[in-house]
Amino acid sequence: MTEILVSLFLLIGCGFMLIAALGLVRMPDLPMRLHATTKAGALGAGLMVIAVGLYFFGDVGVAARSAAIIIFIVLTAPIAAHLIGRAGYFVGVPMWSETVKDELKGQYDTHEQVLLSPAKGDKDAEEQSDRS
């Protein structure tokens with residue numbers, strides 16, 4: 001029974017990793033590639049680590065390492081993707097030509113690389129800032 005469960009987790013994890021790889025190749029720009037690889041890659045890696053933990057069921061050391069790896073992946077993958085995306089935005093990596101809305105356009109001081117607060121009296125910008 002354990003082998004079937006381990007196999008199931010490995011197959012599903014491999015499927016998510018395949019989706020992440022396809023997203024990396026097929027998506028048109030950096031933010032979409034980051035989204036595809038971060039979500040699917042983290043889930044795929046997590047499922048594979050769960051399979052390893054189940055395969056060595058009963059070994060507390062392996063279970064603890066598996067849990068630590070999953071926590072590490074869940075905590076670091078979104079942060080890394082955010083930093084890569086931010087760096088790409090600042091250096092001017094082009095967005096997809098059919099991107100409809102760039103919510104960061106005009107919101108960053110490109111010299112200091114900090115998020116600008118809306119100007120006082122600019123109600124539209126303040127409302128946008130409050131919604132986000």
Distance-only donor-acceptor hits, side chain of residues 20-32, under 3.5 Å, sequence neighbours excluded:
from, atom 1, to, atom 2, distance (Å)
Asp29, OD1, Met32, N, 3.4
Asp29, OD2, Trp96, N, 3.1

Please report, to 0.1 Å, the donor-acceptor pairs under 3.5 Å made by any side chain of residues 34-51, with sequence neighbours excluded.
from, atom 1, to, atom 2, distance (Å)
Thr37, OG1, Arg33, O, 2.9
Thr37, OG1, Leu34, O, 3.3
Thr38, OG1, Leu34, O, 2.6

What one should report as the nearest heavy-atom pair of Val6 and Tyr55 is CG2-N, 3.7 Å
Hydrophobic cluster identity match, Ile71 and Phe56, side-chain contacts under 4.5 Å:
no
Distance from Ile70 atom CD1 to Arg65 atom CZ, nearest 0.5 Å?
14.0 Å
Residues 2-15 vs side-chain hydrogen bond (donor to acceptor under 3.5 Å, both in side chains), sequence neighbours excluded, gives none
Could you work out, with side chain to side chain contact (heavy atoms under 4.5 Å, CB included) as the rule, every residue matching Leu11, not counting sequence neighbours?
none
Please tabulate, for side-chain N and O atoms in residues 74-93, each donor-acceptor pair with protein atoms closer than 3.5 Å (sequence neighbours left out).
from, atom 1, to, atom 2, distance (Å)
Thr76, OG1, Phe72, O, 2.6
Arg86, NH2, Gln113, O, 2.7
Tyr89, OH, Asp102, OD1, 3.2
Tyr89, OH, Asp102, OD2, 2.9
Tyr89, OH, Lys105, N, 3.2

Joint cluster assignment, Leu10 & Leu8, ILVMFWY side-chain distance < 4.5 Å
yes
